[in-house]
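By convention in this document, chain letters (A, B, ...) are assigned in the order of the sequence lines, proteins followed by strands, and residues within each chain are numbered from 1. Side chains are part of it too, since the values below use all heavy atoms of this structure and drop only hydrogens, waters and symmetry mates.
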Amino acid sequence: MTQDPLLTGLAALAADPPDGLLDRIAARWVSVPGPIGELRVAFTDQGVAYVHAGDGFTPAFRKRFARPLLPAERPPAGLLPALRTGRLSGLRLDLRGTSDFQREVLETVRTIPRGEVRPYSWIAARVGRPKAVRAVGTALGTNPLPLLIPCHRVIRSDGVVGDYVFGSAAKERLLLAEGTDLDGLRELAGERVFYLASDTTGVVCFPTCHNARRITPRHRHGFRTLVQAGAAGYRPCRTCRPAQGLVG
DNA sequence: GGGCCGGCTTAAT
DNA sequence: AATTAAGCCGGCC
């Protein structure tokens with residue numbers, strides 16, 4: 001029997017796969033409770049990669065990620081609190097497999113505070129493609145991490161909540177649960193008001209911006225467009241940044 | 001005010 | 001590899 005160093009080396013490799021190698025190529029999954037029912041969540045050594053509700057989790061994951069999938073003992077640290085509170089606090093997200101455009105869109109969406117909403121057109125402007133409004137919708141339609149990346153906080157500029165991976169009814173429920181004033185928003189939309197301004201601060205906001213919510217009714221002025229608000233002497237809020245392509 | 005195009009990214013062919 | 005059609009939208013008739 002020979003002692004070819006190459007063969008013994010190979011045998012060692014076969015017998016002793018380096019620790020963590022499996023984790024690098026395979027994804028793990030868990031089933032966890034979420035705000036709209038049971039969720040399947042897949043994660044890698046890089047972070048959470050996929051959130052799925054309803055049937056067809058495994059085929060959907062395989063089609064999308066083409067990677068082995070194994071059950072995990074426990075959810076990654078921070079996942080449950082993130083789903084409960086909406087705060088990721090250190091939870092790693094694995095966004096490999098998304099395009100540059102989609103990643104920019106998703107990163108922008110992450111900045112929308114709980115209880116607030118922004119239009120699709122605002123996202124488009126923020127990522128530097130003001131005309132790619134519909135493409136933003138497409139990008140959100142394939143958001144691999146719904147709930148964790150709050151694409152339910154992106155609504156249509158006419159005030160309608162719009163579509164959602166888990167259905168617009170779920171979108172509405174999520175927003176209400178977060179304390180978003182959808183009724184107020186609809187009422188304003190009915191009057192063609194999409195921006196609120198304060199004549200004490202001289203600032204215009206999106207209606208759900210926390211600054212807008214503090215405006216005393218007597219000092220509040222509604223506008224249909226930013227241009228009109230600008231003409232009336234208001235400058236865009238630095239917190240909710242309604243301006244984008246226009247005056248900064 | 002409900003449709004109809006326009007514009008943009010991506011998945012599929 | 002090039003082309004096409006579809007998709008969580010907007011804004012103008």
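No donor-acceptor pair closer than 3.5 Å links the side chain of A:Thr216 to the backbone N or O of A:His219. The backbone N or O of A:Thr85 lies less than 3.5 Å from a partner atom in the side chain of A:Arg114, making a donor-acceptor pair. At least one donor-acceptor pair under 3.5 Å links the side chain of A:Thr138 to the backbone N or O of A:Arg134. In this structure, A:Arg129 contributes its side chain and A:Val127 its backbone to a donor-acceptor pair below 3.5 Å. Not a single donor-acceptor pair under 3.5 Å links the side chain of A:Ser168 to the backbone N or O of A:Lys171.
In summary, the side chains of A:Thr108 and A:Arg126 do not present any donor paired with an acceptor at a separation below 3.5 Å, with no hydrogens or angles considered. For the residue pair A:Thr180 / A:Glu116, no side-chain donor-acceptor distance below 3.5 Å is found, with atom types taken as modelled.
Among the atoms of the strands shown, base atoms are found under 4.0 Å from some heavy atom of A:Ala135. Among the atoms of the strands shown, only primed sugar atoms or phosphate atoms (P, OP1, OP2) are found under 4.0 Å from some heavy atom of A:Arg192. Within 4.0 Å (heavy atoms only), A:Val165 reaches at least one base atom of the nucleic acid.
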Strictly under 3.5 Å: I want the nitrogen or oxygen pairs between protein and nucleotides 1-4 of chain C, one per line.
none

Interface polar pairs with nucleotides 10-12 of chain C, N/O, under 3.5 angstrom:
from, atom 1, to, atom 2, distance (Å)
C:dG10, OP1, A:Tyr120, N, 3.3
C:dG10, OP1, A:Ser157, N, 3.0
C:dG10, OP2, A:Ser157, N, 3.2
C:dG10, OP2, A:Ser157, OG, 3.3
C:dG10, O5', A:Ser157, OG, 3.1

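When each of A:Thr142 and A:Lys131 is assigned the nucleotide of DNA chain B bearing its nearest heavy atom, the one mapping closer to the 5' terminus is A:Lys131.
Taking the six-membered ring for Trp and the full ring otherwise, A:Tyr234 and A:Phe223 have centroids separated by under 6.0 Å. Ring centers of A:Trp29 and A:Phe61: at least 6.0 Å apart, outside the cut-off.
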**Worked check of salt bridge (Lys or Arg N to Asp or Glu O under 4.0 Å) between A:Arg173 and A:Glu178** = CA-CA 9 Å; A:Arg173 264 183 277 131; A:Glu178 292 183 347; over 6 Å; no
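On the nucleic acid side, DNA chain B contacts chain A at distances under 4.0 Å to non-hydrogen atoms, with the end points of that region at B:dG1 to B:dA12.
With sequence neighbours excluded, no residue forms a side-chain hydrogen bond (donor to acceptor under 3.5 Å, both in side chains) with A:Glu73. With sequence neighbours excluded, no residue forms a ring pair (Phe, Tyr, Trp, His ring centres under 6.0 Å) with A:Phe43.
When all heavy atoms of A:Arg28 and A:Ala72 are compared, the pair lying nearest together is CB-CB, 3.6 Å.
As a whole-Å value, the separation of A:Ile149 CD1 from C:dC8 P is 17 Å.
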**Asked** Given Watson-Crick or G-U pairs with both distances under 3.5 Å, what dot-bracket string fits DNA chain C, with | for other-strand pairs and [ ] for crossing?
**Response** .||||||.|||||
